[in-house]
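Any value given below was found using the heavy atoms of this structure, including those in side chains, with hydrogens, waters and symmetry copies removed.
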Amino acid sequence: MTEAMQTDGITMDNEMVKWLPRVDMLFDSENDAYEFYSAYAEKVGFFVRRSTLWTTSKNIVTRRTFVCSREGFREKKKGSKEVKSPRPETRIGCQASLTIRLTPNGKYRVTDFLPSHNHQLATQTTIHMLRAKKMRRKARLARADLVDETVRTPEFETEDEAYEFYNMYAGKMGFAVRRASMTVSAENVITRRMFVCSREGFREKKKGAKRVKKPRPETRTGCPACMVIRIEPSGKYHVSEFVTYHNHQLSIPSSVNMVASTSVEIDGKMEETDLAVDSVKTSTSTDKIPGKLGRVCEDIGHDDADNKNLRSKRLKAVQRGDAGATLEYLQKMQNDNPSFFYAVMPDEDDTMMNFFWADAKSRMDFNYFSDVVCLDTTYKINGCGRPFALFIGLNHHKQSIIFGAALLYDESFRSFRWLFETFKTAMCGRQPKTVLTDRCAAICDAVTAVWPGTAHRFCVWHIYLHAAEQLSQAFHGSKTLAYDISRCLFEYEDEDEFLSAWHTMLEKYDLKDNQWLSRLFADREKWALVYRRDTFYADMKSAQQKDTLNSELKKHLSPEMELLSFFEHYERIIDERRFAEMQADISAGQNARKIPSMRILRQAASAYTPAAYKMFEREFEMYMDCMLYSCGEVGTASEYKVTVEDDSKDHIVRFDSLDGSFCCSCKKFEFIGIQCRHVLKVLDFRNIKDLPPQYILKRWRKDAKVLSGNYGVVIDDDPQSSVAKRFNYLCRVFSIAAARAAKTLESHSYVEGQLEMLMEQVEQTMQARHIEMPSLPPAPYDHNTVDCVVMGNLHHDKTNQASLIPCATDGLLGSRHSHPTICWGQFPAGPPE
């Protein structure tokens with residue numbers, strides 16, 4: 001047996017023969033074939049890249065060719081001769097390749113293999129240089145997805161000035177810096193320079209390294225953290241890339257003197273460095289890698305020793321005067337209305353970091369329309385603006401209503417958990433049935449932790465806004481892409497139609513390799529309207545498409561404007577919207593619409609608001625085009641197949657005559673709250689002229705804001721908790737009564753006349769029966785004792801604060817030692833649970 005064999009000039013031993021590709025070899029996937037050919041290439045002495053491919057309409061690869069990295073020729077670009085230091089020519093038309101095709105059994109078969117090369121192959125002593133080059137190329141590709149666009153950086157006069165700035169930033173964060181690659185023009189001017197973490201790249205293995213008695217420790221880990229500057233036409237340098245992620249443990253700032261990096265202070269630059277540090281969440285070795293847009297850095301755990309030295313870094317720097325202006329506004333609002341609720345979250349240094357507030361009308365609206373809430377965080381602007389967020393709902397007129405607002409200067413999991421807990425407290429312990437948010441890991445984790453029974457979806461309107469930014473170049477290059485992507489997001493209600501339209505869009509605009517769209521499609525079950533239709537949605541997407549609230553508030557969030565002027569504008573917009581809601585209520589009650597001739601339409605027009613009736617009327621008109629086929633009966637249950645013209649998919653409707661219940665496979669009633677055309681067709685077939693009352697949701701009725709039901713309150717065994725619950729319950733009831741009575745002079749006078757009689761009866765009841773009274777903090781007697789405790793001193797007093805901890809309930813001031821929240825506003829406005 002021979003010890004070696006030769007193939008087209010390539011000599012191989014027996015060990016390497018098993019790596020030699022052969023025609024008719026089979027692989028389970030395209031990636032398996034690529035990995036096999038790459039392993040063979042490294043043993044022989046070259047590298048591989050993917051070349052041409054053929055795919056089906058369903059994006060399945062049917063043919064793929066892998067080639068040598070030196071295949072083809074570099075295209076000659078205009079002006080290439082003017083480059084002072086041109087790149088060496090690496091493409092020389094090498095013909096070595098491997099081609100695979102998809103077989104009917106789903107495996108890939110090698111159909112063509114060309115082993116010969118027209119260049120010198122790397123040897124075992126030089127192959128490590130090719131590996132290092134390949135790893136650097138992969139690092140550049142990975143770095144593109146790690147650029148942090150939230151970091152604010154200044155412009156620089158010189159390249160040295162940028163280096164000194166990044167050096168100071170690195171010293172504060174806990175790593176060292178070195179200069180890396182640069183690009184120089186024909187005039188010997190640096191047009192691009194890259195500064196990297198000292199642990200970037202990998203150490204090259206030198207000849208004889210294994211014979212060193214005491215080798216140096218390995219410090220290079222391929223860290224992607226860097227800052228890249230480019231020259232502008234003005235002659236100044238701007239930062240084009242800023243990667244904050246490190247794949248290794250950072251030094252703590254207190255030991256920054258141990259970092260091998262020279263830090264030079266420049267007048268006026270220290271403040272800019274602080275801004276950059278405050279704009280970045282420190283990243284350590286973790287699986288949580290920050291994305292580009294709509295993603296927030298996760299809270300990263302440190303040892304207790306590290307916590308003493310590392311203070312939390314904020315994603316947004318608080319503008320000078322913003323905290324004071326916000327607190328001034330919140331205190332003024334509560335002085336005007338004791339039912340106004342607000343809370344403040346301080347950081348470890350007792351600096352106010354996050355704010356939340358909701359007035360009495362917002363809290364009362366949540367009781368009526370708490371089924372769907374959208375957390376709108378699209379107001380935060382990368383690098384500028386204030387991090388403003390809104391809790392938005394939808395009323396029975398399909399108008400957007402505001403449940404609460406927040407300023408979130410720290411957008412970590414801890415902050416969002418605090419925000420959802422505070423919102424639940426403000427709404428008297430209630431949480432929405434469905435919440436819509438941005439695609440953010442911190443928000444997802446917080447919703448799961450705080451609202452476990454709430455269905456969580458990603459807001460399609462937010463996704464559309466992000467698509468306009470992520471695909472901005474494609475949007476500008478095509479007049480129809482915006483229309484096609486909006487159809488995929490908003491229009492389809494059938495899964496097959498949605499998937500077909502999505503893949504057609506990717507093919508039409510050559511977006512199959514777009515990573516952002518690939519990640520979005522992977523999460524489709526959390527945002528696409530064709531999935532999870534058994535969770536209530538209330539047609540939020542239609543309201544958001546027409547709403548102008550975003551544009552009305554966005555321009556007033558600029559850092560150049562004072563925050564108090566924004567609050568004035570915010571209150572004016574809320575008043576205008578509430579006035580529009582009141583006008584809609586009056587218009588709905590006047591029944592100005594022409595009375596329909598059909599009985600079921602008369603019933604709908606009498607019950608629904610005009611906006612809801614319009615949705616029902618459309619379904620009624622569409623049912624005329626439906627065809628019905630009976631599928632049989634089992635006892636009291638009947639099943640029907642309903643088809644619609646120009647719709648290839650059939651829908652199944654089940655009807656139970658025992659309780660008059662319907663169930664349709666389209667899930668429109670469960671999703672929107674309006675009965676679908678398919679059920680209306682079955683009603684007509686069975687000669688049922690009225691829509692069953694259970695299918696007219698109160699949230700779409702004209703009387704949606706008229707309270708009904710039992711007002712009982714559940715009391716537990718804890719005496720102190722019982723008093724707090726009774727107090728909060730009575731506040732809710734009397735707040736609702738006050739809101740109703742204040743609408744007319746007659747009702748106001750009547751309630752005012754009954755108060756004295758009511759107080760006398762309360763005193764008689766208390767004297768006749770001993771009631772439990774918990775120990776309260778000492779305070780002067782007044783009718784509003786709790787109000788005195790809360791409103792008497794708004795200053796941060798740790799001693800007085802600690803004395804209030806035993807009595808802290810909904811709205812009382814909580815010490816940061818027990819819970820990191822300062823919270824005022826003890827008069828809940830919503831009705832009982």
Give a yes or no answer on whether the side chain of [X] reaches the backbone of [Y] with a donor-acceptor pair at less than 3.5 Å.
X	Y	result
Thr422	Trp418	yes
Arg577	Ile401	no
Gln675	Leu680	no
Asn337	Ser339	yes
Ser415	Asp410	yes

- request: Let me know which of Glu576, Gln583, Glu581 forms a side-chain contact (heavy atoms from CB on, under 4.5 Å) with Phe579.
  value: Gln583

query: Is it the case that Arg578 and Ser362 place a side-chain donor and acceptor less than 3.5 Å from each other?
result: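 Yes.
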
query: Judged by modelled atom types alone, do Thr744 and Ser747 share a side-chain donor-acceptor pair under 3.5 Å?
result: yes

message: Just checking Tyr531: does its OH atom have more than 12 heavy atoms from other residues, nucleotides or ligands closer to it than 6.0 angstrom?
response: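 Above 12, so yes.
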
- request: May I ask you to check whether over 12 heavy atoms, not counting those of Arg618, lie within 6.0 Å of atom CZ?
  value: no

From [X] [atom1] over to [Y] [atom2], what is the distance, rounded to the nearest 0.5 angstrom?
X	Y	atom1	atom2	answer
Ile600	Leu691	CD1	CG	5.0 Å
Met345	Glu421	CE	CD	9.5 Å
Cys676	Phe616	SG	CZ	10.5 Å

task: Compare every heavy atom of Ala580 with every heavy atom of Gln399, then report the nearest pair and how far apart it is.
output: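 Between these two residues, the closest heavy atoms are NE2-O, 3.7 Å.
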
- line: Looking only at heavy atoms, the pair that brings Ala704 and Lys698 closest together is CB-O, 3.1 Å

Do the side chains of [Y] and [X] get nearer than 4.5 Å, heavy atoms only?
X	Y	result
Tyr329	Phe355	no
Leu520	Arg439	yes
Trp516	His466	yes
Val344	Asn354	no
Met615	Asp539	yes

Determine, using ring centers only, whether [Y] and [X] are less than 6.0 Å apart.
X	Y	result
Tyr695	Phe669	yes
Trp700	Phe369	no
Phe420	Trp451	yes

Check this for me: does any side-chain nitrogen of one of [X] and [Y] sit under 4.0 Å from a carboxylate oxygen of the other?
X	Y	answer
Glu619	Lys668	yes
Asp703	Arg701	yes
Asp585	Lys705	yes
Arg457	Glu525	no

message: Ring-plane angle category for Phe671 and Tyr537, please: parallel below 30°, perpendicular beyond 60°, tilted otherwise.
response: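 Phe671 and Tyr537: parallel rings.
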
task: May I ask you to decide if the ring planes of Phe356 and Phe391 are parallel, tilted or perpendicular, using 30° and 60° as cut-offs?
output: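 The rings of Phe356 and Phe391 stand perpendicular, inter-plane angle above 60°.
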
Please name all residues satisfying side chain to side chain contact (heavy atoms under 4.5 Å, CB included) with [X], sequence neighbours left out, ordered by chain then number.
X	value
Glu670	Lys667
Cys444	His456, Phe458
Ala482	Tyr464, Phe475

- request: Applying side chain to side chain donor-acceptor pair (under 3.5 Å), name anything that partners Arg487, two or more places apart in sequence or on another chain.
  value: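 Only Glu491, Tyr492 meet the side chain to side chain donor-acceptor pair (under 3.5 Å) criterion with Arg487.
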
message: By the salt bridge (Lys or Arg N to Asp or Glu O under 4.0 Å) test, which pairs, at least two apart or in different chains, include something from residues 333-345?
response: Lys332-Asp336

- prompt: Given Arg699 and Asn395, is the side-chain hydrogen bond (donor to acceptor under 3.5 Å, both in side chains) satisfied, shown in steps?
  reply: CA-CA 8 Å; Arg699 72 109 52 232; Asn395 66 13; over 6 Å; no

- prompt: With Phe366, which residues qualify under ring-ring contact (aromatic ring centres under 6.0 Å, His included), at least two apart?
  reply: Phe403, Phe423

